[in-house]
Protein chains: 2
Amino acid sequence: MGRRSLSRPEIVTAALRYVDQHGLEALSMRALAKEIGVYPTALYWHIGTKAQLVGAVTATVLDDIVLPADHELRWDEWLVEVARLCRQAMHRHPNLSPVIGSQLVVTTAALPLVERVLNVLERAGFTGRDLVDVYNAVAGFILGWVSLELASGPLDVEDDWQEEYAGQLRSVNPNAYPAMTRNMDLLAGNAFMTRWESGRVRPMDRSFEASLELLILGLRVKQERV
Amino acid sequence: MGRRSLSRPEIVTAALRYVDQHGLEALSMRALAKEIGVYPTALYWHIGTKAQLVGAVTATVLDDIVLPADHELRWDEWLVEVARLCRQAMHRHPNLSPVIGSQLVVTTAALPLVERVLNVLERAGFTGRDLVDVYNAVAGFILGWVSLELASGPLDVEDDWQEEYAGQLRSVNPNAYPAMTRNMDLLAGNAFMTRWESGRVRPMDRSFEASLELLILGLRVKQERV
DNA sequence: ACCTGAACACCGTTCAAGT
DNA sequence: ACCTGAACACCGTTCAAGT
């Protein structure tokens, strides 16, 4: 087939593009190989298994996050900025969010991010176990919240399940669900477990900012106590 | 084969047990059918596609959450309790957490939970858009954080990748990563992106409690402003 | 109504063989 | 060193056929 000089980065780039276009579940070694114009087994020589390929793809997404300088901003402003940047990076490749959200991130590509967040949290006065806890709060919130936001619908179901679920919600028993009924207009389609569209088509900007603000408020209170 | 009276709930129960034992990625219509002692295509008659089966399984997990009575506790105490109960439910079926974390939850089984949380947040004084935002903060934090905690390792990789990653972390350049180096003993294995074991084998109890406390602190501050 | 059995179009991965 | 080509043991799903 005259195909030559297949390289690791070339494969990873092609895989990311493929996932962006066709979804994570459509990614297969065979389909990707066909896209590149090579036999499936050629991929194995360069990147190993599919799991390793996906890991490499994830690393490139983390690598794309450019953090603001540390000392230009107050620690809390810096964290807000970083949270937004991470969210943006995840929104750029929404089909990859299940990997970030539910597989262990084991790549050194994440370490610069970890270092900078730790550094800023130390600057805010957190140390030792408190530092680790507060870091986990920040990282868990950002990565967890956004990957939940980007969750995709149940795949390969009929086309009308969205309208059906919307209908089910709106016709819920007002006696059994008074609080939901009172707030249905704001709730329907806009809140976790009462929506039928992914955050990739209907981003939850306002709620993300509000949630982030709550986290920062909590951090400020905790800081004063330390 | 003399198999009779195959029922929907029977299939769902068997599927949950299968996922608990063998993992989500091992679940296949064919394997489950063999386990039950029936032809794969028989399952389709009762539950439809695999996606629908997984949805039904998820619903049973949410159904298992028994919430405390509303008025026995202060609103903030109640939320802490509910967060712990949800986390426990997810820990009971860790192999299912990718579904909760990265697929839209579209089941009426979630609605009682939504209703009660909304009710308590209204009691705390939140209304309108603020109510929705604060609800999303709580739900997004709990579901997102815990599904991240329960993330599984990259599948079917060699046995020594855990030790290898642990080694990479500890031998990181102290000049490039001073904050990480200073806190390496507490960090390694215990924080998001610097761990190599899932929360199912190494639960992050302390950090969860601390993160939850931060959220509640933030909610209390916001409440005073409303 | 409920299940069988065959069939279709896929998978990931291994391995011997080529160049 | 790098890729081909065949092969193995799987998938989800459809559909005609049985009872």
Side-chain angles (χ1 to χ4, degrees), chain A residues 1-16 18-19 21-58 95-96 98-99 103 152-159 161, chain B residues 1-16 18-19 21-58 95-96 98-99 103 152-159 161:
Chain A
M1 305 187 75
R3 202 56 176 67
R4 218 159 321 275
S5 77
L6 185 61
S7 73
R8 228 186 106 92
E10 187 189 352
I11 296 173
V12 174
T13 305
L16 178 56
Y18 194 90
V19 169
Q21 288 182 355
H22 306 100
L24 185 63
E25 64 294 335
L27 177 68
S28 75
M29 300 300 268
R30 301 174 109 112
L32 181 60
K34 180 175 279 184
E35 185 89 352
I36 299 180
V38 82
Y39 273 68
T41 44
L43 302 178
Y44 284 83
W45 200 92
H46 290 278
I47 37 85
T49 68
K50 183 181 178 183
Q52 291 172 307
L53 170 60
V54 172
V57 172
T58 310
N95 293 338
L96 220 55
V99 183
Q103 270 172 236
S152 60
L155 307 154
D156 52 50
V157 197
E158 318 83 68
D159 303 318
W161 70 266
Chain B
M1 303 187 75
R3 204 53 177 69
R4 219 156 321 273
S5 78
L6 184 60
S7 73
R8 228 185 106 91
E10 186 188 352
I11 295 174
V12 174
T13 306
L16 178 56
Y18 194 90
V19 170
Q21 288 181 355
H22 305 101
L24 186 62
E25 64 292 334
L27 177 69
S28 76
M29 299 300 269
R30 301 173 108 112
L32 181 61
K34 180 175 279 183
E35 185 89 353
I36 299 179
V38 81
Y39 272 70
T41 44
L43 301 179
Y44 283 82
W45 200 92
H46 290 277
I47 35 89
T49 69
K50 184 181 177 183
Q52 292 173 306
L53 170 61
V54 172
V57 172
T58 309
N95 293 339
L96 220 54
V99 183
Q103 270 172 235
S152 60
L155 307 153
D156 52 48
V157 196
E158 319 84 67
D159 304 318
W161 70 267

**Message:** Both A:Thr41 and A:Trp45 contact DNA chain D. Which one's nearest nucleotide lies toward the 5' end?
**Reply:** A:Trp45
Between [N] ([atom2]) and [X] ([atom1]): distance, integer Å:
X	N	atom1	atom2	answer
A:Lys50	D:dC10	NZ	P	18 Å
B:Leu53	D:dC11	CG	P	14 Å
A:Lys34	C:dC10	NZ	C1'	10 Å
B:Met29	C:dC10	CE	C1'	16 Å
A:Ile47	C:dG12	CD1	P	11 Å
B:Ile11	C:dC2	CD1	P	11 Å
A:Ile36	D:dC3	CD1	C1'	13 Å
B:Leu43	D:dC11	CG	P	13 Å

**Prompt:** Under the side-chain contact (heavy atoms from CB on, under 4.5 Å) criterion, do B:Val54 and B:Val19 qualify, and how do the steps go?
**Reply:** CA-CA 10 Å; B:Val54 172; B:Val19 170; over 6 Å; no
Among [options], which is the nearest nucleotide to the side chain of [X]?
X	options	result
A:Leu6	C:dC11, D:dC3, C:dT4	D:dC3
A:Arg30	C:dG12, D:dT4, C:dA7	C:dG12
B:Val38	D:dG5, D:dC3, C:dC3	C:dC3

**Request:** Given side-chain contact (heavy atoms from CB on, under 4.5 Å), test B:Ile36 with B:Leu43 step by step and report yes or no.
**Result:** CA-CA 10 Å; B:Ile36 299 179; B:Leu43 301 179; 4.2 Å; yes
**Asked** Is any side-chain N or O of B:Tyr39 closer than 4.0 Å to OP1 or OP2 of C:dC3?
**Response** no
**Item:** Under 4.0 angstrom between A:His46 side-chain N/O and D:dC3 OP1 or OP2
**Value:** yes
**Request:** Before giving the answer on side-chain contact (heavy atoms from CB on, under 4.5 Å), spell out for A:Leu27 and A:His22 the whole-Å C-alpha distance, their side-chain angles and the decisive distance to 0.1 Å.
**Result:** CA-CA 7 Å; A:Leu27 177 68; A:His22 306 100; over 6 Å; no
**Asked** Taking it one step at a time, do B:Met29 and B:Ile47 satisfy side-chain contact (heavy atoms from CB on, under 4.5 Å)?
**Response** CA-CA 11 Å; B:Met29 299 300 269; B:Ile47 35 89; 3.7 Å; yes
**Item:** Distance between C1' atoms of D:dC3 and C:dC15 (Å, rounded)
**Value:** 13 Å
**Prompt:** Does the base of C:dG12 carry an N or O that pairs as donor and acceptor with the side chain of A:Ser28 under 3.5 Å?
**Reply:** no
**Any-strand Watson-Crick or G-U partner of D:dA6, both distances under 3.5 Å** = C:dT14
**Complete:** Which of A:Val12, A:Val38, A:Leu53, A:Leu6 passes side-chain contact (heavy atoms from CB on, under 4.5 Å) with A:His46? Answer is A:Leu6
